[in-house]
Amino acid sequence: MSEQTGSGGGLNEYIQHHLTQNTIQLGGGGFHVDTWVVSLVLGLIFILWFGLAARRATAGVPSKGQAFVELILEFIDGQVKDTFHGDRSSITPLALTIFVWVVLMNGMDLLPLDMPGWIVKTTAGAEVAHHTYFRWVPTADLNTTFGLSIPVFFIILYHSMKAKGIGGFGKELLTAPFHAHGTVAKIVLAPANLGLNLIEYCVKPVSLAMRLFGNMYGGELVFMLIAGLLGGSLVMFVPGVIFNAAWALFHILIVLLQAFIFMILTVVYIAGAYESH
């Protein structure tokens with residue numbers, strides 16, 4: 001990293017440089033260009049990949065690419081079928097999109113950490129690389145994880161209203177989980193019921209976002225520590241490669257598991273929207 005951030009900065013500067021987003025200031029906040037570009041490109045790759053696979057699908061012996069896509073689709077549909085017992089025509093595509101897109105975004109953590117800096121240095125020089133920031137793990141950015149979980153929140157609300165009606169949904173907010181008999185008792189318990197239900201609904205997107213962010217941010221930070229501590233000299237090159245490879249192999253599990261958890265919890269929350277307290 002000394003090549004990218006300049007010599008003498010040490011581990012702190014190395015990590016700080018890698019944790020800085022490529023940001024455009026807009027009003028009182030900032031727009032993370034790197035997060036947006038990488039997540040958009042990966043989303044387009046997913047659409048192109050599965051779209052071409054669907055168009056080229058044949059009824060005969062499938063190609064390896066078609067078989068792989070079908071394997072993913074059957075796995076996701078099986079998970080949705082086990083969790084959601086209603087019409088899956090819109091739920092399975094949602095789950096598939098979440099799983100594959102999050103896997104692709106998480107998987108960016110397995111690419112060489114200093115590749116963006118090396119590309120900039122090679123093409124534009126060390127000074128430009130020193131002042132260029134690019135984080136290419138979108139799910140290590142809270143903007144991405146909340147950007148995924150907030151739409152899930154509104155999808156849950158939609159299915160709750162679809163299953164119970166707007167009136168029934170509103171009634172459930174005021175009368176559950178503390179049920180009461182009699183008008184006076186219902187009025188007394190209504191604020192407590194509403195408060196608990198609001199907390200329950202709001203916790204869902206927050207927990208989804210924070211869980212995914214925390215795991216990917218932690219994994220990214222471990223790669224930075226390994227590279228910063230073991231990548232500064234030729235003597236530490238081999239140990240650095242070994243430790244990076246070992247962590248990468250373990251991190252593959254995290255990449256897949258976090259995508260699966262985000263996907264399956266989304267389906268669980270939607271299924272719960274059709275249940276009454």
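What you see is a predicted model, and the numbers here were worked out from it, not measured in a lab. Count residues from 1 along the sequence.
Here the CG atom belonging to Leu194 is positioned 6.5 Å from the CG atom belonging to Leu173, to the nearest 0.5 angstrom. Put simply, CD on Glu127 and NZ on Lys121 are 12.0 Å apart, with the number rounded to the nearest 0.5 Å. In this structure, CZ on Phe169 lies 10.0 Å from CG on Leu174, to the nearest 0.5 angstrom. Rounding to the nearest 0.5 Å places CH2 of Trp101 at 9.0 Å from OG1 of Thr97. Interatomic distance, Met224 CE to Gln16 CD, rounded to the nearest 0.5 Å: 9.5 Å. From Leu42, atom CG reaches atom OG1 of Thr139 across 9.5 Å, with rounding to the nearest 0.5 Å.
Tyr201 approaches Ser160 most closely through the heavy-atom pair OH-OG, 3.4 Å. Of all heavy-atom pairs spanning Gly117 and Ala129, the tightest one is O-CB, 3.9 Å. Thr175 and His179 make their closest contact through O-ND1, 3.2 Å (heavy atoms, listed as atom of the first residue, atom of the second, distance). Asn193 and Pro177 get closest at one heavy-atom pair: OD1-N, 3.3 Å. Across all non-hydrogen atoms, the minimal contact from Gln79 to Thr83 is O-OG1, 2.9 Å.
Side-chain heavy-atom separations under 4.5 angstrom define the hydrophobic clusters, and the remaining members of the one that includes Val184 are Val188. Leu196 belongs to a hydrophobic cluster whose remaining members, ordered by chain and number, are Phe178, Leu189; membership requires side-chain heavy atoms of ILVMFWY residues under 4.5 Å apart, directly or through intermediates. Here Val128 is tied into one hydrophobic group with Val120, each link being a pair of ILVMFWY side chains closer than 4.5 Å.
Leu71 and Met263 sit in two unconnected hydrophobic clusters of ILVMFWY residues. Membership requires side-chain heavy atoms under 4.5 Å apart, directly or through other members. Grouping the Ile, Leu, Val, Met, Phe, Trp and Tyr side chains by contacts below 4.5 angstrom, directly or via other members, places Val37 with Leu44. With hydrophobic clusters built from ILVMFWY side chains whose heavy atoms lie under 4.5 angstrom apart, Tyr158 does not share a cluster with Val267. In the hydrophobic cluster analysis, where Ile, Leu, Val, Met, Phe, Trp and Tyr join through side-chain heavy atoms closer than 4.5 angstrom, Leu19 is grouped together with Val38. In this structure, Ile72 is not a member of the same hydrophobic cluster as Leu52, with clusters built from ILVMFWY side-chain heavy atoms closer than 4.5 Å.
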Side chains of residues 249-262: which donor-acceptor pairs under 3.5 Å do they make with residues two or more places apart or in other chains?
residue, atom, partner, partner atom, Å
His251, NE2, Asp109, OD2, 2.8
Gln258, OE1, Asn215, ND2, 3.4

Counting only pairs under 3.5 Å, give me each side-chain donor-acceptor contact of residues 203-212, with atom names and distances, residues two or more places apart or in other chains.
residue, atom, partner, partner atom, Å
Ser207, OG, Val203, O, 3.0
Ser207, OG, Lys204, O, 2.9

For residues 88-95, which side-chain N or O atoms pair as donor and acceptor with protein atoms under 3.5 Å away, sequence neighbours left out?
residue, atom, partner, partner atom, Å
Arg88, NE, Asp77, OD1, 3.2
Arg88, NH2, Asp77, OD2, 3.3
Ser89, OG, Asp87, OD1, 3.2
Ser89, OG, Asp87, OD2, 3.0
Thr92, OG1, Asp77, OD1, 3.0
Thr92, OG1, Arg88, O, 3.4

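Annotation: ring pair (Phe, Tyr, Trp, His ring centres under 6.0 Å) contacts of Phe146 (sequence neighbours excluded): none. For Phe84, the ring pair (Phe, Tyr, Trp, His ring centres under 6.0 Å) criterion is met by Tyr274, not counting sequence neighbours. By the ring pair (Phe, Tyr, Trp, His ring centres under 6.0 Å) test, Phe46 is found to be paired with Phe50, residues two or more places apart in sequence or in another chain being considered. Partners of Asp141 according to the side-chain hydrogen bond (donor to acceptor under 3.5 Å, both in side chains) rule, which considers only residues two or more places apart in sequence or in another chain, are His32, Thr35, Asn143. For the ring pair (Phe, Tyr, Trp, His ring centres under 6.0 Å) test, no residue two or more places apart in sequence or in another chain qualifies with Phe99.
No side-chain donor-acceptor contact under 3.5 Å links Lys171 to the backbone of Ile166. In this structure, the side chain of Asp34 does not engage the main chain of Trp136 through any donor-acceptor pair within 3.5 Å. Panel note: side chain Asn197, backbone Ala176; a donor-acceptor pair is recorded below 3.5 Å. Under the 3.5 Å distance criterion, the side-chain polar atoms of Thr23 are matched with a main-chain donor or acceptor of Gln21. Checked by atom type and distance alone, the side chain of Thr145 pairs as donor or acceptor with a backbone atom of Leu142 at under 3.5 Å.
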Show your working on side chain to side chain contact (heavy atoms under 4.5 Å, CB included) between Ile226 and Trp247 and close with a plain yes or no. CA-CA 9 Å; Ile226 294 174; Trp247 177 246; 4.0 Å; yes
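For the side chain to side chain donor-acceptor pair (under 3.5 Å) condition, no pair includes a residue of residues 48-61, sequence neighbours left out.
In this structure, the side chains of Phe154 and Leu157 come closer than 4.5 Å at one or more pairs of heavy atoms. You'll find the side chain of Met105 stays beyond 4.5 Å of the side chain of Val137, heavy atoms only. Considering only heavy atoms from C-beta on, Glu220 comes within 4.5 Å of Arg135 through its side chain. Using a 4.5 Å heavy-atom cutoff, the side chains of Ile98 and Leu148 are not in contact.
Looking only at atom types and distance, the side chain of His17 has no donor-acceptor partner in the side chain of Glu13 under 3.5 Å away.
The aromatic rings of Phe31 and Trp36 are tilted relative to each other, their planes meeting at an angle between 30° and 60°.
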